[in-house]
Structure formats: C-alpha cells, structure tokens
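Remember, it's 1-based here, ligands and their atoms both numbered in the order they're listed. Owing to the predicted nature of the structure, the values given are computational and were not obtained by experimental measurement.
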Amino acid sequence: MRQRLVLESSSGPLEHLPFRFERWADGRVLVTNMVGEHVFLTTDEFTSLAELRVEDPALLRTLRAKHIVRVRGEELPVELIALKYRTQHHRLADFTGLHMFVVTLRCEHSCGYCQVSRRTPARTEYDMSPETALAAVDAAFRSPSPQLKFEFQGGEPLLNMDIVRLVIRRATERNRTEGRQLAFVIASNLALLDDEVLDFADKYDVYFSTSLDGPRDLHNRNRPRPGRDSWERALTGIERIRKRLGDHRVSALMTTTAASLGRVRDIIDTYLEQDFRDVFLRPVSPYGFALRPRQRNGYDMSTWIDFYNEGMDYILDLNSRGIPVVETYSALVLKKMLTNANPGYVDLTSPAGIGIGALVYNYDGAVYASDEGRMLAENSDTTFRLGHLAHDSYETFMTGAALLDPLEESYTGSAPQCSDCAFERWCGADPVFHHATAGDYLGRKPESAFCRRNTAVFRYLLDRYSSDPRARELFRRWTAR
Ligand code: SF4
C-alpha cells in the first residue's frame, strides 16, 4: 500500500535534493532547500522524508514543490533551483555600488561608541584633500555598477562641505557621459546644518541619514557635544530637511548602548513621535573604540536579543492596533526568507559584501574593503586596507589578496557549520567582524555573536510567521516594500 501511494503520486521513485534542517524546541523540524525556501515538518514527517517513505500525498506535493525531493531523473526541479540561485547572486556581476567618502575625521560630538579616532574641529589635517577626493571619484566610476551611491561620512561631513560639494559636482558632471544612476547621501548628526547646505542638497538631490538613539535623555547621554543639545539639534535638522526637501529625504538610525537596554519601547515611541516608521534595532559594533577593554557601552549579545525580542513584540502589538512601524533588519531578513530577492544588505550576503558591495575612501587616500575595516585600521590593524588612491587602481583594490582571501575563506556555502546550517541562505558572511573578535575571517560559530544574533532573529521571525496569522500577513507586507 505504502509503495503504491508513492508510485501513484510521484510516477517513479523519489530521491532527495540537497536540504538542511534544524530541530525546534517544540518538536517540529525546519527544513530548507538550496535557495532558502522552508517548511516545518513534524518529527514523523521528517522521518518519512529522511527514509523517502512519504505516504501523505499533500506532504509529497509540498516536498516536491519546495524542491526538497524529486522523482528520479526529473530535470525541472534542478533547473528551477539553479535559476533561483543565479537570481539570488545576480548582484555580484554589478560589483561595487556603494562608495563611502570619509571626508574628515573631525567632529564636534564625542560619542562613547564612536568607532573611529574622531578629532576635534580645529584639526584640519584630518580632512580629505581635493586631489584625494577627485581620485576617489575616478575609482568609483571604474566600478561597472549601473547604480553608484556616494555616501559622505566622518567624523562629521558637514565640517568639510567643500569636499562634499566638489565630489558631488564632479560625479554629476562625469555622469553626463557615463549615464549611471547616481545617489548622494550625507550621514550627519545635523548639528551644523544650515541654509547653504540645504540649498546645495536641493539642487543635487542629496539625501540625509542621521542618528536618533531614542528619547532626549538617552540620546544626549549617548551623544555628548558642547551644549548637551545633540537631540534638539538633530530634531531641528530633521524638521528643516523635511520642510525644505520632503519627508523622504531624511532617515534615522539608532545604536543600542548599555543605556538603551530596557528602553526599547521608549526608543520606538520616540521614532513614532518624530514620524519615522522604520526603526533599526542595531547592536553596538565591536570595532574601533568599542574594542577597548572595559568600554562602557558593551553588553552581551544575549542582552541585545532580549532587547530585540521585546522591541519586536511591541512592534507587532503596535501594528495590530493600526500603528504601522517596521523593524528594518527584520524586514531585510524576511525579504530573503520569503521571496527570492536579495536586498543586498552587506551583513546578509555571502560572498561577503566587503569590497564587492562597498568601498571606503579614507580622508588620507587609503582605501578599505568596508567601513568596519577602516575602523580597525584606526586601531593599527590594516588587514582590510586594499591600497592607496595615489598609487593603486580600482582593479588592484578588487583583485588583491586583502580582498579575495577574506571573501573566499568566509563564504558560508563552504564554511564549517554555516555550510550545514538551515539558515545559511538567509544569513551572511562577515569576515571583518570575525577577524576583529576571533582573529580569523571565519570565527568559531558556536562562540560568534554575529551567529547568535542572526540565529535569534531567524528563530523569532519563523516562530511568529508560523504561529500567528496576523504576524504572517504583516511580514508578507514588509517583504513588498
Ligand atoms: S553564521 Fe550562524 S546562522 Fe549564519 S549561516 Fe553560519 S552557522 Fe548559520
């Protein structure tokens, strides 16, 4: 009888296609295929899959539709998986789309979690020169990417607006013959925003990204400046940008410090009060100053996971009450989990996003594979320094061992533990993080805070998606953004 059912529904003997699995505490088993499509099975169903004795026609249909089994000799499932896999990696052909210009290390803030050796406003020797800026524009246009995003950061980029203006003008002029799609973003605390900057931003379609760590007391504690008015100045700047350029021209990011823990609802409420509908619950990063022993913003990843879980519970509750708000990182993960799209977020890509996703041009002409790689260099670790604009080319940056070795060694498709992990297709490789925290590009995943964070996020989202119809509908909406 068993044999007859299998033969009737499948027209031939079954065989496995590559899949990975993870057992859940409640006894279910998560099964994912080669392109990250997933299904939860009971223990009995999983046993029947493992032994290729699938008696339930509905289960068999699901397993075939998810490309977890095929009828021996069938080519179509393999071709479909190959097509989906290629689509997930199509961004690789474009190479570097994001070009970050560190136009100065100077800043009038002195944030405890600052990841670079920020310099006081008088130290102009830490400004990017016009020659370096123009060489960086040339390097950016060597990328074959049809979209080029120029992001200006520091320090505080508004302290070196002459170079920001020079880069944007040169890139715009050059693009008359290049025909790329250009975007310009200034990452600024907005404390020094003035009409002149707004006029320029208006003329060249410049966007702003700013920091908002939560309510006034928390933000001003995290982000000290003379006058202790960082929060007030940020909000004034946000309002001016919205009024002059439109709501969509400014976004905000928060960093979770030790002082933020236990205050996730206050933080989300502040975002809503300021009319931001996207909140990115970002852990503090372990680079630069943050690597110093006994630094005061440190906390264990399990504490951040509690913070994230409470924040997500609150966000789901707000949405169920008709107040739309999105957690940005979760939305990126869900896009990978529930669709075949790859949002290209650097922390969630493999091969890693360093170099091929973003390049960083430092004020002194050095080029880094990522902003985190530059932060390490500020602490004398130049592992991710790809070269110098004065004597190296884009081709040298992209083909040197400083980039290719970490890309190859951290690739999750072949890395120990990652290659067997049911979450691999949704996750990413982060060789800079693991180099900084474990001393090699791979790290040991059972001890990796990166792995713990992502595993916790994947588990939270899957639990809600599979058990709560309202969360399921909301998450589907988030993937459509
Ligand atoms: S880092 Fe962790 S969660 Fe991500 S693929 Fe590797 S083992 Fe899985």
- Message: Ring centroids only, cut at 6.0 angstrom: are F40 and W24 within range, meaning strictly under it?
- Response: yes
- Query: Hey, what do you get for CE (M312) to CG (D463), rounding to the nearest 0.5 Å?
  - Reply: 11.5 Å
- Qualifying residues under side chain to side chain contact (heavy atoms under 4.5 Å, CB included), relative to Y207, sequence neighbours excluded: V185, H248, R249
- With a 6.0 Å cut-off on ring centres, are F184 and F150 close enough? yes
- Query: Tell me, which protein N/O/S atoms are under 2.8 Å away from atom 6 (Fe) of ligand 1?
  - Reply: C418 SG
- Note on the structure: Taking only non-hydrogen atoms of T455 and a 4.0 Å limit, the atoms of ligand 1 in range are 3 (S)
- Query: Which heavy atom of F307 sits nearest a heavy atom of S260, and at what distance?
  - Reply: CE1-O, 3.5 Å
- Are H67 and F19 near enough that their ring centres are under 6.0 Å apart? no
